[in-house]
Amino acid sequence: MSDLFDLTGKVAVVTGASSGIGTEIARAFAIQGADVALIARRYERLEDLAKEIESMGRKAFAVKCDVTKEEEVTIAVKSILDKFEKIDILLNNAGVASAGGVNDIEEAEWDRVIDTNVKSIFLMSKPIVKHMKERKYGKIINTGSICGLIGSIGKSAPLHAYNASKGAVINLTRGMGASLAQFGITVNAIGPSLFKTEMTEKSLYQESFLKMFNSICPAGRSGNPEELNGAAIYFASDASSYTTGQTLFVDGGWTSI
């Protein structure tokens, strides 16, 4: 049974790997045996993570890339294939959040959120899906959010651009999953609720918001980044060979109420 979750010999690509969820899942993939290509704009952080992964006996490759720019993505994917000769797993994790409603958010900010959270999945998947089709194998995991299914939490500020982007991620995952299954490629998404990351710590981890969140969430608390590892490993491994187009909400029961 344990072999179902073994990633030995696999090559994983993780975007948004310089902090938070991306860093944690990249470590988890390495622990399960995968070699990992790390993508983000903050190269120095990637170098530190690459050294940590290599200390586990795995191979790591840090690649500086803005995943909203097709030219940079094309170069990054080519460099990864040149180094590892294959890509088995793609975690589309790069993401940003921004508070604001449709009545007050600036167009440039709307575009930034949509480009980072949705367009990046398109740009990263485009060349990698072509490669996976040729090999008749691939595991693509997208990072969604409960905010792609529900509105703003309680009386918190509206997150309309974020809602739109994560809703798109969930349905893009369905579409990709349905059309790519015939090629041996599964596409699934993870839908976290509130997790403590660099992005959320400065904005949402305030006493008043946490008190409200904890009082509503069935689990009574926010999540810890490592609690997403199980879902990511499941979707990256052969344990999920007949699961595709799905979003697994890792949310302490939030979407069950």
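Each residue takes its place number in the sequence, starting with 1.
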Trainee: Within the 3.5 Å criterion, strictly below it, is a donor on Ser240 or Lys139 matched to an acceptor on the partner's side chain?
Mentor: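 Lys139 and Ser240 do have a side-chain donor-acceptor pair below 3.5 Å.
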Trainee: Do the side chain of Thr23 and the main chain of Ala17 share a donor and acceptor less than 3.5 angstrom apart?
Mentor: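 Flag set: sc Thr23 to bb Ala17 pair under 3.5 Å.
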Trainee: Which pair of heavy atoms, one from Glu47 and one from Ala62, lies closest together, and at what distance?
Mentor: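 Looks like N-CB, 4.2 Å.
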Trainee: I want to check something: taking the side chain as every heavy atom from C-beta on, are Leu90 and Met124 in contact at a cut-off of under 4.5 Å?
Mentor: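 Touching, per the 4.5 Å side-chain cut-off.
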Trainee: Could you walk me through whether Arg58 and Glu52 satisfy the salt bridge (charged side-chain N to carboxylate O under 4.0 Å, His left out) test, starting with their C-alpha distance in whole Å, then the side-chain angles of each, then the deciding distance to 0.1 Å, before giving a yes or no?
Mentor: CA-CA 9 Å; Arg58 308 311 320 155; Glu52 181 183 344; over 6 Å; no
Trainee: Could you grab the distance from atom CG of Leu46 to atom CG of Leu38, nearest 0.5 Å is fine?
Mentor: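 Output value for this atom pair is 5.5 Å.
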Trainee: Could you check Thr186 against Ile140 for side chain to side chain contact (heavy atoms under 4.5 Å, CB included), going step by step and ending with a plain yes or no?
Mentor: CA-CA 6 Å; Thr186 63; Ile140 298 175; over 6 Å; no
Trainee: Taking all non-hydrogen atoms of both residues, which atom of Val77 and which atom of Pro127 are closest, and how far apart?
Mentor: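 Looks like CG2-CG, 3.9 Å.
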Trainee: Using the side chain to side chain donor-acceptor pair (under 3.5 Å) rule, take Asn142 and Thr173 through it: C-alpha gap first, then chi angles, then the decisive distance, then the call.
Mentor: CA-CA 7 Å; Asn142 300 324; Thr173 298; 3.0 Å; yes
Trainee: If you round to the nearest 0.5 Å, how far is CG of Asp66 from CZ of Arg41?
Mentor: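 Separation between the atoms: 5.5 Å.
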Trainee: With side chains defined as the heavy atoms from C-beta onward, is the minimum distance between Trp254 and Ile150 less than 4.5 Å?
Mentor: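 Result yes, sub-4.5 Å side-chain heavy-atom pair found.
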Trainee: Side-chain contact test, heavy atoms from C-beta onward, threshold under 4.5 Å: evaluate it for Leu228 versus Pro192 and give yes or no.
Mentor: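 Heavy-atom side-chain distance check passes, below 4.5 Å.
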Trainee: Please report the shortest heavy-atom distance between Arg221 and Asn214, naming the atom on each side.
Mentor: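 Smallest interatomic distance, heavy atoms only, reads CA-OD1, 3.2 Å.
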Trainee: How many angstroms lie between atom CD of Glu109 and atom CG of Asp104, to the nearest 0.5 angstrom?
Mentor: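 Answer rounded to 0.5 Å: 11.0 Å.
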Trainee: Looking at every heavy atom in both Ala26 and Ile53, which two are closest together, and how far apart are they?
Mentor: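 Nearest pair, atom of Ala26 first, then Ile53: O-CD1, 4.2 Å.
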Trainee: Take Phe61 and Val36 through the side chain to side chain contact (heavy atoms under 4.5 Å, CB included) test and state the conclusion after the steps.
Mentor: CA-CA 6 Å; Phe61 184 37; Val36 189; over 6 Å; no
Trainee: So, the side chain of Glu72 versus the backbone of Cys65: is there a donor-acceptor pair under 3.5 Å, distance only?
Mentor: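 Side chain of Glu72 to backbone of Cys65, a donor-acceptor pair under 3.5 Å: no, none is there.
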Trainee: Does any non-hydrogen side-chain atom of Ile89 lie less than 4.5 Å from one of Val11?
Mentor: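 The answer is no, as the side chains (C-beta and beyond) never meet within the 4.5 Å cut-off.
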Trainee: Measure the NZ-CZ distance between Lys64 and Arg42 for me, rounded to the nearest 0.5 Å.
Mentor: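 Answer for the NZ-CZ pair, Lys64 versus Arg42, is 12.0 Å.
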Trainee: Considering all heavy atoms of both residues, which atom of Phe235 and which atom of Ala189 are nearest to each other, and what is their separation?
Mentor: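 It is CE1-O, 3.4 Å.
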Trainee: Just so I know, are the side chains of Thr15 and Ser120 near enough to count as touching, which here means a heavy-atom distance under 4.5 Å?
Mentor: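 Result no, sub-4.5 Å side-chain heavy-atom pair not found.
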Trainee: Please confirm whether the backbone N or O of Gly148 pairs with a side-chain atom of Asn163, one donor and one acceptor, at under 3.5 Å?
Mentor: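 It does not hold such a pair.
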Trainee: Does the Thr247 side chain pair with the main chain of Gly191, one donor and one acceptor, at a distance under 3.5 Å?
Mentor: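 It does not hold such a pair.
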Trainee: Would the number of heavy atoms belonging to other residues, nucleotides or ligands and lying under 6.0 Å from NZ of Lys69 be above 12?
Mentor: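 No - once you tally the heavy atoms of other residues, nucleotides and ligands closer than 6.0 Å, there are 12 at most.
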Trainee: So do Leu4 and Ser237 actually touch side chain to side chain, heavy atoms under 4.5 Å?
Mentor: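 With C-beta onward as the side chain, the pair stays apart.
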Trainee: Is any side-chain heavy atom of Ile141 closer than 4.5 Å to a side-chain heavy atom of Asn92?
Mentor: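 When only atoms from C-beta onward are counted, Asn92 and Ile141 do not touch, as no gap falls below 4.5 Å.
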Trainee: Any donor and acceptor pair, going by atom type alone, linking the side chain of Asn188 with main-chain N or O of Gln246 inside 3.5 Å?
Mentor: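 Checked: pair present.
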Trainee: Side-chain donor-acceptor pair under 3.5 Å between Thr68 and Asp115, yes or no?
Mentor: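 No, Asp115 and Thr68 have no side-chain donor paired with an acceptor closer than 3.5 Å.
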Trainee: Report the distance from atom CG of Leu172 to atom CZ of Phe122, rounding to the nearest 0.5 Å.
Mentor: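 With rounding to 0.5 Å, CG (Leu172) is 10.0 Å from CZ (Phe122).
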Trainee: Given salt bridge (charged side-chain N to carboxylate O under 4.0 Å, His left out), test Glu226 with Arg27 step by step and report yes or no.
Mentor: CA-CA 10 Å; Glu226 64 270 16; Arg27 286 194 191 105; over 6 Å; no
Trainee: Using the six-membered ring wherever Trp is involved, compare the ring planes of Phe5 and Tyr234 and label them parallel, tilted or perpendicular (cut-offs 30° and 60°).
Mentor: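 Tilted.
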Trainee: Determine, stepwise, if the pair Phe183 / Lys136 fulfils side chain to side chain contact (heavy atoms under 4.5 Å, CB included).
Mentor: CA-CA 5 Å; Phe183 302 104; Lys136 302 291 185 184; 4.3 Å; yes
Trainee: Would you indicate whether Glu71, at its atom CD, is surrounded by more than 12 heavy atoms from other residues, nucleotides or ligands within a distance under 6.0 Å?
Mentor: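 No, not enclosed.
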Trainee: Using links of under 4.5 Å between side-chain heavy atoms of ILVMFWY residues, direct or through other members, which residues join Val96 in one cluster?
Mentor: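 For the cluster that includes Val96, the remaining residues are Val113.
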Trainee: So, the side chain of Ser222 versus the backbone of Phe195: is there a donor-acceptor pair under 3.5 Å, distance only?
Mentor: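 Here the side-chain-to-backbone pair does not exist.
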Trainee: Taking Ser98's backbone N and O only, do any of them form a donor-acceptor pair with Arg112's side chain (distance below 3.5 Å, no angle check)?
Mentor: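 Looks like no, no N/O pair under 3.5 Å.
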Trainee: Could you check Ser256 against Phe249 for side chain to side chain contact (heavy atoms under 4.5 Å, CB included), going step by step and ending with a plain yes or no?
Mentor: CA-CA 10 Å; Ser256 68; Phe249 291 99; over 6 Å; no
Trainee: What about Leu180 and Leu123, same hydrophobic cluster or not, with Ile/Leu/Val/Met/Phe/Trp/Tyr joined at side-chain heavy-atom distances under 4.5 Å?
Mentor: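 Yes, Leu180 connects to Leu123 through the hydrophobic network.
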Trainee: For a side-chain contact (heavy atoms from CB on, under 4.5 Å) with Arg135, tell me which candidate from Met132, His131, Lys133 qualifies.
Mentor: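 Considering Met132, His131, Lys133, a side-chain contact (heavy atoms from CB on, under 4.5 Å) with Arg135 is found only for His131.
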Trainee: Step by step, work out the side chain to side chain donor-acceptor pair (under 3.5 Å) result for Thr143 and Asn93.
Mentor: CA-CA 5 Å; Thr143 300; Asn93 174 72; 3.1 Å; yes
Trainee: Please confirm whether Lys86 makes a cation-pi placement over Tyr137, using NZ or CZ under 6.0 Å from the six-membered ring centre and within 45° of the ring normal.
Mentor: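 Not flagged: Lys86 not positioned over aromatic ring of Tyr137.
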Trainee: Hey, does the side chain of Glu85 reach the backbone of Asp82 with a donor-acceptor pair shorter than 3.5 angstrom?
Mentor: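 Not at all, since once roles are kept as given, no pair shorter than 3.5 Å links the two residues.
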Trainee: Would you compute the distance between atom NZ of Lys130 and atom CD of Glu134 and round it to the nearest 0.5 angstrom?
Mentor: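 That separation rounds to 6.5 Å.
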Trainee: So, does Gln32 use its side chain to make a donor-acceptor pair with the main chain of Phe29 at under 3.5 Å?
Mentor: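 No: the side chain of Gln32 does not pair with the backbone of Phe29.
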